[in-house]
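Structure, as structure tokens:
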Amino acid sequence: MSSGSSFFITTPIFYVNDVPHIGHAYTEVAADVLARWHRQSGDDTWLLTGTDEHGQKILRTATANGVTPQEWSDKLVREAWLPLLETIDVANDDFIRTTEERHEKNVQKFLQKLYDAGHIYAGEFEALYCVGCEEFKPESEIVTGTGELVGVKVCAIHSKPLELLQEKNYFFRMSDFQERLLTLYETRPDFVQPPSARNEVIAFVQQGLKDLSISRSSFDWGIPIPWDNTHVTYVWFDALLNYVTAVGYGENEEEFHRRWPANHIVGKDILRFHAVIWPAMLMAAEIEVPRHVFGHGWLLVGGEKMSKSKLTGIAPSEITDTFGSDAFRYYFMRAVSFGQDGSFSWEDLNARYHAELANGFGNLASRVLAMNSRYYDGTTPKPGEITDAEREIHAVVAAAATEADASVEAFHVHEALAHIWTIVDALNGYITDQEPWVLAKNDDTRERLGTVLYTATEGLRALAVLLSPVIPLATEKLWAALNAEPVLGSLASQNLRAAGVWGQLPPGTPVSVLEALFPRIESAE
RNA sequence: GGCUGGGUAGCUCAGUUGGUGAGAGCGCACGACUCAUAAUCGUGAGGUCGCGGGUUCGAAUCCCGCUCCAGCUACCA
């Protein structure tokens, strides 16, 4: 429907100090699947991800490790974050780091523009300060003391009294944009998705917006405020701007207009930054707001939000080492309703891997190609007269392709997979009903056998294309076994929006026997 | 405390504006089949729809109360 139009999609940029876990990987995979789908539908697609490298925490850990913050960031990007993308096969088009010149320089341009337009002013930031932490504490880290300190505000980490300190800060007049933001949510109901996330955002803005402190002067690891180099930019203000600096804001207008506005995929914990602060910043700079901000849910382990401190954090490689990257991608896209929280368990992963990928899709591909090999000497057979059974398959494939595309368009990735899977189920049922192994025993039913196997093989072709954004490695193997590339071109070049058109794979194409796409894993937990 | 969302078969979840005997997948039992990764296909068992009231000819679906869980309640990437 939007063929050829721009589709710019982003993930949050990783805070380099974090340790990659499946939550990060989940966000990346979701964005990557959406990007691959659109790219393969002919949209002018751009997937952006990257790292956030400024701020006091990074400065501190770098110092503690005896290196500069830049060296520290370089190491983490190289050893943790870029490898993560490979582990889960993310095909990003760009990777921005907030310490790159293209970012820093244009963040300053942005700041200067807002300053000149009167959206930024110098003020006093007053907050409770913890001497132990050496920083101002957010409300969430302040608790009321007990014992001798009853009634006193204390630091949640150190349990020591906090001091009320003041610091000169620059403030962004975010409060000016309250009404415009509410109008935005009202007039574009799909701006913030899903609806539950939208409700939270609206409720938050309705209670009133305060101006936002956007500078710090107590440390220097950040982007200097252009008109006052004793201050550096607050990390969030800095980080959000990656979405525009990465596509040419401030220096390549042509590229910027080609890409912007973006679709942001974020975890719901950082929704507010993207759905409130970010659009306000853009409004101030007279830049179009994003197309959509989609807040996905959390992955729950044992019913709780996954966390390192509770030892529920799971490294993506723990899963991919056993099940492979395709299974990782498939599992989280299929088992979690995109936008809602999803419960992860090894049992569920193992069950779905075997029931859906190995027994369902993988075995289907194996049995069809094995029969082509056995009964047709390794070629795609020629179909004869069509019956209602074949017409039913054609209809299922066409409907699945259409509905899957509509689902992806609406960010409902899990639904798209459910639609695609109707093809797997229909083909397995069709083969059992038609009993090609019986047809093969009699020369009189030779033509019928050809029809059945062609139908099944062409169904695999559609599946390979439709599933390629989600399980790129397995579908590539299938594509090779179908020997489709010489006649249809590479798998990546197949138009997803035409995937449901029947009869693309010509009869007579030589096909191979297929190794198990998803081998059973006997000793899995 | 306030606000939002949710508590539906063993498990994970669907259930439009209230209406034929409450659904899917997985798991389980039984049967069919043998091309295939001991895979596939079919049938079946199984549920006080969190609790208690109310509205209605009729409620999982609307209203009230209660209970439990999760999230939000601004500077945590």
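Predicted model, so just to flag it, every value in this text is computed and none were measured. Letters A, B, ... are given to chains in the order of the sequence lines, protein chains preceding strands, and every chain is numbered from 1.
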Of B:C35, B:C13, B:C26, the nucleotide closest to the side chain of A:A355 is B:C26
Winner on side-chain proximity to A:S343, out of B:U37, B:C13, B:A74, is B:C13
In Watson-Crick or G-U wobble terms, with both distances under 3.5 Å, the base opposite B:A29 is B:U43
From OH of A:Y353 across to P of B:G27 the rounded distance in Å is 15 Å
| field | Contact check, side chains of A:P507 and A:P381, non-hydrogen atoms, under 4.5 Å | value | no
A:Y185 atom OH is separated from B:U4 atom P, nearest whole Å, by 18 Å
Query raised in the report: Is the distance from OP1 or OP2 of B:U40 to the nearest side-chain N or O of A:R367 less than 4.0 Å?
Result: no
Rounded to whole Å, CD of A:Q207 lies from P of B:G2 at a distance of 15 Å
Paired to B:G1 by Watson-Crick or G-U wobble criteria (both distances under 3.5 Å) is B:U73
(message) Quick check on the 6.0 Å ring-centre criterion: do A:W421 and A:Y330 meet it?
(response) yes
Testing B:A36, B:C41, B:U37 for proximity to the side chain of A:D433, the answer is B:C41
- Message: Just N and O in the side chain of A:Q340: are any of them under 4.0 Å from OP1 or OP2 of B:A14?
- Response: yes
Atom CD of A:E200 and atom C1' of B:G6 are separated, to the nearest Å, by 13 Å
Of B:U37, B:C76, B:A74, the nucleotide closest to the side chain of A:F204 is B:A74
Value for CD1 (A:I214) from NE2 (A:H119), rounded to nearest 0.5 Å, stands at 11.5 Å
Per atom distances to the A:E356 side chain, the nearest of B:G25, B:U40, B:C35 is B:G25
Among the nucleotides B:A39, B:U34, B:A36, whichever has the atom closest to the side chain of A:N359 is B:A39
Among B:C33, B:A70, B:G25, the one nearest any side-chain atom of A:D341 is B:A70
Rounding to 0.5 Å, atoms OG1 (A:T98) and CD (A:E53) come to a distance of 5.0 Å
From the candidates B:U37, B:A74, B:C76, the one with an atom nearest any side-chain atom of A:M174 is B:A74
query = How about A:F518 and A:H354: are their ring centroids closer than 6.0 Å?
reply = no
- prompt: Within less than 4.0 Å of OP1 or OP2 of B:A36, is there a side-chain N or O belonging to A:S373?
  reply: no
Of the listed B:C26, B:A39, B:C41, the closest approach to the A:T432 side chain comes from B:C41
Under 3.5 Å, is there an N or O donor on one side and an acceptor on the other linking the side chain of A:N363 and the base of B:A39? no
- prompt: Can a side chain N or O of A:R198 be found less than 4.0 Å away from OP1 or OP2 on B:U4?
  reply: no
Touch check for A:A239, heavy atoms < 4.0 angstrom, all strands: base, sugar-phosphate only, or nothing? base
Residues at least two apart in sequence or cross-chain that pass salt bridge (charged side-chain N to carboxylate O under 4.0 Å, His left out) with A:E167, listed by chain then number, are none
Looking only at B:C35, B:C76, B:A39, the nucleotide nearest the A:R520 side chain is B:A39
For B:G21, the nucleotide meeting Watson-Crick or G-U wobble distances (both under 3.5 Å) is none
